[in-house]
Every structure is written in C-alpha cells, then in structure tokens.
**Q** 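I'd like to ask some things about the structure below.
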Amino acid sequence: MAIIGAGPSGLACALELERLGIKPVIFERYHRIGLPVERIDMLLHLAWRPVKDQLAYLARHCHLSLMPAAPLHAIIMYGPNRRSVIRKRLLGYLIHRGRSPLSIENQLAARLSTPVNFQVLADPLEMAGQFDYVVVAEGDSKTARRLGLWQELSPLIIRGATILGQFEPRTFHLY
C-alpha cells in the first residue's frame, strides 16, 4: 500500500493502516512534514453538520486525538461598510498548520511508526504498477484532473493577507 502525500489526510490514512496492522509506504514531495508557511486554520462546527465537535469525533471514531491551538468563541467579519460578529460558547477550533511541532501535520507524524520518504515526486500511475493500492492525498486536484476524476463546478478565488495588531486568541477575523 502506497500513500502519496504526508499532509493531514495521508498521515491519518497511514495511522489507520498501522492500527490495522498494515505498514504503508509514504511518499512526500517536500523535504519535511508541514506546510512551508505557518498559519492558523479554523474548523467550524457549522460546516461539519451533523458532527457537532470534529475533534471529539476524530478521537472517538478514528482514534486520532488532536490538540487545537484554541477553541473558537467568536468570528468577526469586516466588510466595506459593515462589521458582523458571531459569538458562541464553542463555534469550533483554531488549528495550527505548518512546520511547528504543534501543527496538525506534526501531531499526526509524531504518532507514526512508518518512515516517510521525503523529496519523492511519486506518480500514482507508476505506483499502481508497484503496489496493490495507491492512496493519493496530495492536497490539490492535479492527479484527479489528470485521471479524469475532477469536475470544477465553479471557480473560487481566495485572497489572503497578514494583518498586524493585537487580537483575541479565541477569535477569528475575516476581512
């Protein structure tokens, strides 16, 4: 069994295979675990219905206990002429992504006993000739597009920026 990609999906897959007694071969195109740019992502409870608490669900049903950076209590959205605030006891979680030991990727990698083969640009079609099963967990749509398994329904543009200032650590600001 080959896994292409050592991000959260590939590492979670590898951990589940290890739990089932299968030792996968993991390939990662970069030289280490984690995104090159440190960032905080949010896991919104609103986006994961009917699951009310994603991290509790992962711990209970998938044997993956992950520590968030912080619980999310507020989202503040800024528009050109308006500011809106959503507050709740628990809206979700803020999670660390990147190369820090606290990142989701490195929390998963720390539990893994299988080594990761770094700096390998693995081709899934080539791997299919060498392995019984190939899991593609690359984090983009290139392979799915090449295999004709991807359909883009509508284009999406996301723009990001770094905002400097003093912010409440359990609040997510959207501009």
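The chain is numbered in sequence order, starting from 1.
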**Q** Is Leu58 reachable from Leu90 through a run of I, L, V, M, F, W or Y residues, each pair having side-chain heavy atoms under 4.5 Å apart?
**A** yes
**Q** Quick check: closest heavy atoms across Ser103 and Gly98, and the distance to 0.1 Å?
**A** OG-O, 3.0 Å
**Q** Which residue pairs pass the salt bridge (Lys or Arg N to Asp or Glu O under 4.0 Å) test with at least one member in residues 91-118, sequence neighbours excluded?
**A** Asp41-Arg97, Arg97-Glu105
**Q** Take Phe172 and Ile76, measure what side-chain contact (heavy atoms from CB on, under 4.5 Å) needs, and give me the verdict at the end.
**A** CA-CA 6 Å; Phe172 202 85; Ile76 302 174; over 6 Å; no
**Q** side-chain contact (heavy atoms from CB on, under 4.5 Å) for Leu147 and Leu125? Distances and angles first, verdict last.
**A** CA-CA 9 Å; Leu147 296 174; Leu125 296 176; 3.5 Å; yes
**Q** Test Val25 against Gln130 for side-chain contact (heavy atoms from CB on, under 4.5 Å), laying out the working first.
**A** CA-CA 11 Å; Val25 180; Gln130 300 171 31; over 6 Å; no
**Q** Within the structure provided, determine whether Pro115 and Ile26 are in side-chain contact (heavy-atom separation under 4.5 Å).
**A** no
**Q** If I take atom CG from residue Leu44 and atom CD1 from residue Ile75, how far apart are they, to the nearest 0.5 angstrom?
**A** 4.5 Å
**Q** Within a strict 4.5 Å, meaning less than it, do heavy atoms of the Ile3 and Leu17 side chains meet?
**A** yes
**Q** Can you get from Met77 to Leu91 by hopping between Ile, Leu, Val, Met, Phe, Trp and Tyr side chains that sit under 4.5 Å apart?
**A** yes
**Q** With rounding to the nearest 0.5 angstrom, report the CG to CD1 distance, Leu64 to Ile104.
**A** 10.0 Å
**Q** Testing the basics here: between Pro124 and Thr143, what is the closest heavy-atom pair and its distance to 0.1 Å?
**A** CG-CG2, 3.3 Å
**Q** Quick test of your reading: applying salt bridge (Lys or Arg N to Asp or Glu O under 4.0 Å), list the pairs with at least one residue in residues 58-81, sequence neighbours left out, ordered by first then second residue.
**A** none
**Q** Take Met1 and Val135 through the side-chain contact (heavy atoms from CB on, under 4.5 Å) test and state the conclusion after the steps.
**A** CA-CA 8 Å; Met1 164 83 60; Val135 173; 3.8 Å; yes
**Q** Check whether any side-chain N or O of Gln107 sits under 3.5 Å from a backbone N or O of Leu102 as a donor-acceptor pair, and report yes or no.
**A** yes
**Q** His173: which residues meet the ring pair (Phe, Tyr, Trp, His ring centres under 6.0 Å) condition with it, sequence neighbours left out?
**A** Tyr78, Phe167
**Q** Which heavy atom in Thr114 sits nearest to a heavy atom in Pro24, and how many Å separate them?
**A** CG2-O, 2.9 Å
**Q** Calculate, to the nearest 0.5 Å, the distance between atoms OG and CG belonging to Ser84 and Leu174 respectively.
**A** 10.5 Å
**Q** Among residues at least two apart in sequence or on other chains, which ones pass side chain to side chain donor-acceptor pair (under 3.5 Å) with Ser141?
**A** Arg145
**Q** Output every pair passing salt bridge (Lys or Arg N to Asp or Glu O under 4.0 Å) with a member in residues 70-90, not counting sequence neighbours, ordered by first then second residue.
**A** none
**Q** Just to verify, what does Ser113 make a side chain to side chain donor-acceptor pair (under 3.5 Å) with, not counting sequence neighbours?
**A** Glu18
**Q** Linking I/L/V/M/F/W/Y whenever their side-chain heavy atoms sit closer than 4.5 Å, directly or via other members, would Ile86 and Leu94 fall into one cluster?
**A** yes
**Q** What about Leu15 and Ile33, same hydrophobic cluster or not, with Ile/Leu/Val/Met/Phe/Trp/Tyr joined at side-chain heavy-atom distances under 4.5 Å?
**A** yes
**Q** Tell me, do Glu168 and His73 make a side-chain contact under 4.5 Å, heavy atoms counted?
**A** no
**Q** Tell me, please, which residues at least two apart from Tyr93 pass ring pair (Phe, Tyr, Trp, His ring centres under 6.0 Å).
**A** His45
**Q** Quick one: ring pair (Phe, Tyr, Trp, His ring centres under 6.0 Å) pairs with a partner in residues 112-159, sequence neighbours left out?
**A** none
**Q** What distance do Cys62 atom SG and Arg19 atom CZ have between them, rounded to the nearest 0.5 Å?
**A** 9.0 Å
**Q** The criterion is side chain to side chain donor-acceptor pair (under 3.5 Å); which residues satisfy it with Arg170, sequence neighbours excluded?
**A** none
**Q** Mark yes or no for whether Asn117, through its side chain, and Phe27, through its backbone, hold a donor-acceptor pair below 3.5 Å.
**A** no
**Q** Do His63 and Glu16 meet the criterion of a side-chain donor-acceptor pair at a distance under 3.5 Å?
**A** no
**Q** With sequence neighbours excluded, what pairs up with His61 under the ring pair (Phe, Tyr, Trp, His ring centres under 6.0 Å) test?
**A** Tyr57
**Q** If hydrophobic clusters are built by linking Ile, Leu, Val, Met, Phe, Trp and Tyr wherever their side-chain heavy atoms come under 4.5 Å apart, do Leu35 and Tyr30 end up in the same one?
**A** no
**Q** Which atom pair, heavy atoms only, marks the closest approach of Ala12 to Leu108?
**A** N-CD1, 4.3 Å
**Q** Looking only at heavy atoms, what is the nearest atom pair of Ala6 and Leu11, with distance?
**A** O-CD1, 3.3 Å
**Q** Excluding sequence neighbours, so at least two apart, what forms side chain to side chain donor-acceptor pair (under 3.5 Å) with Glu126?
**A** none
**Q** With sequence neighbours excluded, give me every salt bridge (Lys or Arg N to Asp or Glu O under 4.0 Å) pair touching residues 127-141.
**A** Arg29-Asp140
**Q** Return the CG to CD1 distance between Leu121 and Ile4, rounded to the nearest 0.5 Å.
**A** 9.0 Å
**Q** Please report the interatomic distance CG(Leu43) to CD1(Ile95), rounded to the nearest 0.5 Å.
**A** 4.0 Å
